[in-house]
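By convention in this document, chain letters (A, B, ...) are assigned in the order of the sequence lines, proteins followed by strands, and residues within each chain are numbered from 1.
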Amino acid sequence: MLRDLSVTLGSNDVLSDLNYVFPGSTVTVVLGPNGAGKTTLLRTLIGVIRPGKGEAFVMDHPVGSSVAKSKIGYLAEVPGLYERLSAMDNILFHARMRGLQGEGFKEEANGLLKKYGLGGFEKTAVHKFSKGMKQRLALARTTFGKPPILLLDEPTSGLDPDGSELVIRSIRDAAREGASVIMTTHNAYLARRVSDAVFLLKGGRVASSGAFDDVLRPFDSVRVKLLVPAQTSKIRDALAKFNLKLDDTREVGEFLVTVSGKADIPSMIKAMIDGGLQPVTVEPGEISYEGGGK
Amino acid sequence: MLDQALAIAIKDIKEYFASRTLILTVFILPIMMALAVPSLVSLFLGTVPSSLAIGDTRFMPPVLSQAVAALGPRSGIYWYLFTVVTLPLFLLMPTASVIVLASDSFAGEKERKTAEGLVAEPVSLQTIFVGKTLAPVSLAVLSTWLSATIYWALVSTYSTQAGVELLPNAAWFSALALVVPCLSLASVAVISWISSLSKGFKEAQQMAGVLLIPLVAIVLGTATGNFASTLAFNLELSGAYLVAFVIGVYLWARLIEPRRLVE
């Protein structure tokens, strides 16, 4: 819960008079342009940054207190793993800091490593991992012990589509099991898929909050991934209707199509199918923060 | 709190042992020094005459001339070189080790971006400090004691061969048992401050070089024969370092913002 929370770093007022109660058992996505204060908000909730004014509580405990921290699993923007240590050592160190020790927890750590596709790498030093593997390990560490609150700063950063899918599923699973997830992302598609609520920050203030579609208008543009079996004049003609040109070298094309509103999307997809194109995925385009917020 | 501090210390020690550079600096170099110094000095001492004219001691530094007068030329020179001149080296060793290790523990975590996760753990800054003190101090003290043991094993062998009986005296025991741990603690306190205000461990290491200045004064004092460490001096020095450590820790825990450990 945020009550008149303000944070000043140096001479900059990064967060100003935030008031918000994050609902339980839901995924809240904190959105906003660069410099809006998203990471600062998470860092304040975890106690890395002390509030300048106002208060913030984690399950009725003041932020920064050991009790409040013990309720939170935190994933920073940079995974922050101990690269000279093994994957298992990283998780067990985190566990020990939370007073979680014993064979049962080691089994849980093994289970999490397997869940995040890192089975067989328990004893491997983390510096040998790829970026995606590190991010998955960091997520495994964050969710260890099933903390009731998860703070995730750009959790899909550096992940391939399969890795991102795994993370999305894990976030939803965690919320289903009762955790409150508060996360930041620049990915509108991810935000829309995963969020129960969004919290829009602009210039350190709450611009609006609520359901994704109520807060933002992400469908001014749509990214369409097409499966193009062969180059035919029919397909070129179909693309031309949308001012698009087929990339000669690609079998799967990815195009940004601007529509006037989400009501136009079904007719656009129908036109594409009629034209011989096979849309594989349709995703929201970049979020326009201007005009967003109701 | 103790269990978490121990977990931090064990984690840091595991990280040290995963770095060849750190282990080379902290263990291999002191051990090589402990082997090389007595061997080189004993080569030089092979030329020392068994008797000296009174006039020969006139230009000797005070500590050496008193030793020669009391113990005779050979024993006096052996005592002077092996117990007086070399003792400050065993104060420089832990200081250098602590500079390297504590910089890695404090500033290194900041540079490797792991500090944020550590600060986010449900532990106080004091617990983090204790853990990050235990790791470098224990290894620095252990390395110094190991080197001193090797050093004295060699010194005893060489001096016995020369017909001189030499054993570590109260100044040595007090230096190893008290000054080395207290000096290491005080060094960690200084480095924790420097690391909190610097951006990376190399910068922290360079700034921590100031810790060597008072020790260089002791090295110069003993090397010029104007000063010999005693039990009383070591007790006072240990006390001063301990007070510096306590003040440093107290102020660090009260004044340092958690953000300082991260950014």
Side-chain angles (χ1 to χ4, degrees), chain A residues 7-10 14 39-40 42-52 58 61 63-86 88-90 92-101 125-127 134 138 141-142 144-145 147 149 151 153, chain B residues 1-23 100-101 104-106 108-132 134-135 196-197 200-201 253-263:
Chain A
V7 172
T8 303
L9 299 178
V14 184
T39 296
T40 301
L42 294 197
R43 282 182 163 184
T44 306
L45 292 175
I46 198 61
V48 171
I49 294 174
R50 289 181 180 150
V58 174
H61 302 283
V63 289
S65 65
S66 291
V67 185
K69 288 181 183 179
S70 70
K71 310 285 183 196
I72 297 173
Y74 177 56
L75 176 70
E77 197 170 1
V78 179
L81 297 161
Y82 295 105
E83 302 221 348
R84 294 180 204 154
L85 304 184
S86 69
M88 182 58 87
D89 279 345
N90 267 276
L92 292 182
F93 170 68
H94 171 74
R96 202 168 163 192
M97 297 301 282
R98 287 162 182 266
L100 309 174
Q101 288 187 76
V126 173
H127 68 83
K134 286 177 189 172
R141 184 181 64 173
T142 303
F144 183 85
I149 296 171
L151 297 184
D153 201 354
Chain B
M1 174 194 172
L2 189 62
D3 187 59
Q4 291 161 324
L6 277 174
I8 293 170
I10 291 166
K11 186 271 295 173
D12 276 7
I13 289 171
K14 277 184 179 176
E15 286 204 282
Y16 298 156
F17 276 94
S19 164
R20 281 184 201 156
T21 314
L22 291 182
I23 292 309
V100 172
L101 296 177
D104 187 78
S105 283
F106 283 92
E109 286 237 16
K110 186 192 280 190
E111 191 166 295
R112 294 188 291 270
K113 312 278 184 201
T114 52
E116 189 170 356
L118 184 61
V119 174
E121 297 289 4
V123 292
S124 63
L125 286 188
Q126 287 89 336
T127 303
I128 292 175
F129 190 94
V130 172
K132 292 206 159 285
L134 280 174
S196 304
L197 303 173
F201 70 89
R254 287 183 75 87
L255 299 178
I256 290 293
E257 288 270 328
R259 187 167 65 92
R260 276 285 179 202
L261 304 182
V262 174
E263 293 174 344

Could you tell me whether the side chain of [Y] reaches within less than 4.5 Å of the side chain of [X], counting heavy atoms only?
X: B:K14; Y: A:Y82; result: no
X: B:E257; Y: A:I49; result: no
X: B:I8; Y: A:F93; result: yes
X: A:R96; Y: B:I10; result: yes
X: B:E263; Y: A:V48; result: no

Hey, which of A:A125, A:G99, A:G80 has the most heavy atom pairs under 4.5 Å with chain B?
A:G80
Not counting sequence neighbours, list each pair that qualifies as a salt bridge (Lys or Arg N to Asp or Glu O under 4.0 Å) and has a residue in residues 63-83 of chain A.
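Residue pairs passing salt bridge (Lys or Arg N to Asp or Glu O under 4.0 Å), neighbours aside: A:E83-A:K134.
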Give, as side chain, backbone, both or neither, the part of A:R141 having an atom under 4.5 angstrom from any heavy atom of chain B.
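Contact with chain B is absent: no heavy atom of A:R141 under 4.5 Å.
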Against chain A, work out which of B:R112, B:R259, B:E121 has the most heavy-atom pairs shorter than 4.5 Å and name it.
B:E121
Can you tell me which of B:V262, B:V123, B:D3 forms the most heavy-atom pairs within a distance under 4.5 Å of chain A?
B:D3
A:L81/B:K113 under side chain to side chain contact (heavy atoms under 4.5 Å, CB included): CA gap, chis, key distance, verdict
CA-CA 8 Å; A:L81 297 161; B:K113 312 278 184 201; over 6 Å; no
So, for [X] and [Y], which heavy atoms are closest and what is the spacing to 0.1 Å?
X: A:M97; Y: B:Q4; result: O-NE2, 2.7 Å
X: A:R98; Y: B:A120; result: NH2-O, 4.2 Å
X: B:S124; Y: A:S66; result: N-OG, 4.2 Å

Please classify the contact of B:L261 with chain A as side chain, backbone, both or neither, using a heavy-atom distance under 4.5 Å.
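No part of B:L261 comes within 4.5 Å of chain A.
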Which region of B:V119, side chain (C-beta onward) or backbone (N, CA, C, O), has a non-hydrogen atom less than 4.5 Å from a non-hydrogen atom of chain A, or is it both or neither?
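Both backbone and side chain of B:V119 come within 4.5 Å of chain A.
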Please tell me whether A:Y74 and B:E116 have a donor and an acceptor in their side chains that are separated by less than 3.5 angstrom.
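Distance-only check passes for A:Y74 and B:E116.
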Run the salt-bridge test on B:D104 and A:R84 with the 4.0 Å N-O cut-off and return the result as yes or no.
yes
Run B:K11 and A:D89 through side chain to side chain contact (heavy atoms under 4.5 Å, CB included) and show every step you take.
CA-CA 8 Å; B:K11 186 271 295 173; A:D89 279 345; over 6 Å; no
